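First comes the structure, then the notes that go with it.
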Amino acid sequence: MKIAMFASEALPISKTGGLADVVYALSKELTKSEDEVIIVTPYYASAKIKGHHLKNLGKMTVHMSWRNQEADLYCTKIEGVTYYLIGNPYYYGRSNLYGYHDDCERFAFFSLACLDLLKRIEFPADIIHVHDWQVGMVPTLLKEKYCYDPFYDKMKTILTIHNPAFKGMVDRYFLNDFWGLSDDLYDSGQVRFDNMVSTLKAGIVYADKITTVSPTHRNELLDPYSDQRLNGVLELRKYDFQGIVNGIDYKEWNPKTDPFIKANYDVKDWKEGKAICQKDLLKTFGIEKGKGPLFGLVSRLSWQKGIDLVISAARNFLNDYNDCSLIILGSGEYELEGRVQALRDEFPNRCGIYIGYHNELSHKIYAGCDFFLMPSLFEPCGISQMISQRYGCLPIVRYTGGLKDTVEGWLDENDKKADGIGFNNYDVNGLSYGMGRAKELYLNSSEYDKIVVNALKKDNSWKRSAKEYRALYLELAK
Ligand code: ADP
Ligand code: GLC
């Protein structure tokens, strides 16, 4: 099969969150069968291209209604996957990937460029797999515009919803102005959401199959009381809508070979290995720790992630127990960044903070911490809790979405399966309860060792999930 992934970020070129991990690792796993996989992604100013040989494929004109915009095309091969990078200095020559008033226009250009590129490079994809709102309009474009060209008419589409909170909302005027689509699509309700156009909803209506990144999140999205308010349209597509849990890249995330951590370890020598990594981590942040556990967090600092709960619960906890410590790595909302820094100022010896994005440091945190905080308000899947398990850093999660599907919370001493700590309520008491349970477990050393070993042994690789995606592709391509 020929598979084309269209995504606004993909490792190792760009990343702000788990989407980039998924697009890269899933594609890599798919190439292990005889499938040909390409990834098409923007060429941002911050693209990490060092060490990759980029071939310049020249320019391509993309017609966005009345605009003729130039795309600079590059390609490179990474681990069996061919990457096509779409450049345009006006749209992508900026310091961040997202967060601009014209994001919809930037990714409308990208969506059109992706489809045009397939013809330009003569890649008659069997499957086009699009990810999130940025490329949500692709299935609509294919069925309403490009299908009149025989090159495109047999292509099938899958939309994966990674984050339903971002819906790609734009005024109806732009339906024609950006994508050259008819107003009828708005009037009939096909692409309308809250009296605007939503590219995510358009994807749900037009894609041949829809997935989200865990079975529990699929059910949450279909719930009539879902906060995301996509339940109505998803109900209509229920039988084409599946939840497939993410995996993690076992090569990138492997404590046995990780070049960023002070000591390498696996399930046999994790105690000694983690102790060395922890010492190194505490030194890096200039903090200390007593007999209690070291909690860690690596995250976008966003309302989605329960950071406000972390700040309050951790403040209480650090006040109550002077043998515990905390390390936070993250960046995001300005107010949360300020509040996190204020927490460090209150506990300068036991709280370490790094505001920013830092991959190497994230590896050190997963390896050096005892527990990982993930009290998300909602979490379609989550990658960090699985990385934590792989490094023997037990995740403390709120049971929502993929966190429920990937973490077995510790119950008691008869519990043989647990590989983390779980709680239900999204409030400070919920997280405080989780942290309290963690401390109790940590101080019961034989019990703690057993749970860490369960986590270290857990299979969170892409093998099984890539098989599920492939089965979907095959069903569509037949
Ligand atoms: P989301 O995609 O919603 O942000 P996930 O748990 O799916 O959450 O994925 C987050 C990924 O981004 C993980 O690989 C995590 O290690 C990484 N990450 C998040 N924030 C940072 C940061 N500040 N520095 C380095 N890595 C980060
Ligand atoms: C989104 C979700 C996260 C998921 C990631 C990759 O960013 O918030 O839960 O793991 O996408 O699918």
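Along the sequence shown, residues carry numbers from 1. In each ligand, atom 1 is the first atom listed, and ligand 1 is the first ligand listed. Computed from a predicted structure; not experimentally measured.
Ring centroids of F423 and Y433 are separated by 6.0 Å or more, keeping the two rings apart. Aromatic ring centres of W179 and F174 lie farther apart than the 6.0 Å criterion allows. Ring centroids of F317 and F295 are separated by less than 6.0 Å, placing the two rings close together. A ring-centre distance under 6.0 Å is not found for Y92 and Y43. Ring centers of Y448 and W410: at least 6.0 Å apart, outside the cut-off. A centroid separation of 6.0 Å or more is found between the aromatic rings of Y83 and H52. A centroid separation of less than 6.0 Å is found between the aromatic rings of W253 and Y366.
Heavy atoms of N246 come nearer than 4.0 angstrom to ligand 1 in no pair at all. The closest approach between any non-hydrogen atom of P380 and ligand 2 is below 4.0 Å. Heavy-atom separations between Q304 and ligand 2 include at least one value shorter than 4.0 Å.
Counting the atoms of ligand 1 from 1 in the order shown, those under 4.0 Å from a heavy atom of R300 are 1 (P), 3 (O), 4 (O), 20 (N). Every atom of ligand 1 with a heavy atom of S384 under 4.0 Å away is listed here by number and element: 6 (O), 10 (C), 13 (C), 15 (C). Atoms of ligand 1 lying under 4.0 Å from any heavy atom of H358, numbered from 1 in the order shown and given with element: 24 (N), 25 (C). In the vicinity of G382, heavy-atom distances shorter than 4.0 Å reach the ligand 1 atoms 6 (O), 7 (O). Atoms of ligand 1 lying under 4.0 Å from at least one heavy atom of I387, given by number and element, are 14 (O). Shown in contact with G330 at under 4.0 Å from a heavy atom are these atoms of ligand 1, numbered in order with element: 23 (N). Close approach of ligand 2 to V22 (heavy-atom distance below 4.0 Å) involves ligand atoms 6 (C), 12 (O). Annotation for ligand 1: atoms under 4.0 Å from non-hydrogen atoms of Y366 are 15 (C), 16 (O).
Not a single N or O atom of K305, backbone or side chain, sits closer than 3.5 Å to an N or O atom of ligand 2. Taking any N or O of M374, backbone or side chain, none lies under 3.5 Å from an N or O belonging to ligand 1. Among the atoms of S331, none of the N or O lies under 3.5 angstrom from an N or O of ligand 1. Considering backbone and side-chain atoms alike, K15 places an N or O below 3.5 Å from some N or O of ligand 1. Remark: ligand 1 and G17 share no N or O pair separated by less than 3.5 Å (distance only, no angle test). Looking at ligand 2, you'll find an N or O of C381 within less than 3.5 Å of one of its N or O atoms. Polar contact check, K305 against ligand 1: a nitrogen or oxygen pair lies under 3.5 Å apart. Of the N or O atoms in G382, one or more lie within a sub-3.5 Å distance of an N or O in ligand 2.
Considering K463, R390, K28 as possible partners of D249, the one that fulfils the salt bridge (Lys or Arg N to Asp or Glu O under 4.0 Å) test is K28.
With a 4.0 Å heavy-atom cut-off, ligand 2 is reached by the side chain of V213 but not by its N, CA, C or O. Here N246 has side-chain heavy atoms under 4.0 Å from ligand 2, and that is the only part of it that gets that close. Only the backbone of S299 comes within contact range of ligand 1, with a heavy atom under 4.0 Å; no side-chain atom does. Under 4.0 Å from ligand 1, not a single heavy atom of L361 appears.
Salt bridge present: E36 and K2 bring a charged side-chain N and a carboxylate O closer than 4.0 Å.
Taking a 6.0 Å sphere around NZ of K283, one finds it holds 12 or fewer heavy atoms contributed by other residues, nucleotides or ligands. Residue K209 qualifies as enclosed at atom NZ: its count of foreign heavy atoms under 6.0 Å is above 12. The number of heavy-atom neighbours closer than 6.0 Å to NZ of K256, taken from other residues, nucleotides and ligands shown, is above 12.
S376 and T400 are not linked by any side-chain donor-acceptor pair at a separation below 3.5 angstrom, with hydrogens and angles left out of the test.
At the shortest separation from atom 9 (O) of ligand 2 among protein heavy atoms lies E379 OE2, 2.4 Å. Scanning the protein heavy atoms around atom 6 (O) of ligand 1, the nearest turns out to be I383 N, 2.8 Å. Counting only heavy atoms of the protein, atom 12 (O) of ligand 2 lies nearest to H162 ND1, 2.7 Å. Annotation: atom 2 (O) of ligand 1 to nearest protein heavy atom, G18 N, 2.6 Å. Nearest to atom 26 (N) of ligand 1 among the protein's heavy atoms is Y357 CE1, 3.4 Å.
For atom 23 (N) of ligand 1, the nearest non-hydrogen atom from the set A165, G356, A20 belongs to G356. Across E9, H217, R300, heavy-atom proximity to atom 7 (O) of ligand 2 is greatest for R300.
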F107 and W133: CA distance, side-chain angles, deciding distance, ring pair (Phe, Tyr, Trp, His ring centres under 6.0 Å) verdict: CA-CA 9 Å; F107 292 105; W133 73 268; 5.6 Å; yes
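A cation-pi geometry, defined here as NZ or CZ lying under 6.0 Å from the six-membered ring centre and within 45° of its normal, holds between R94 and Y100.
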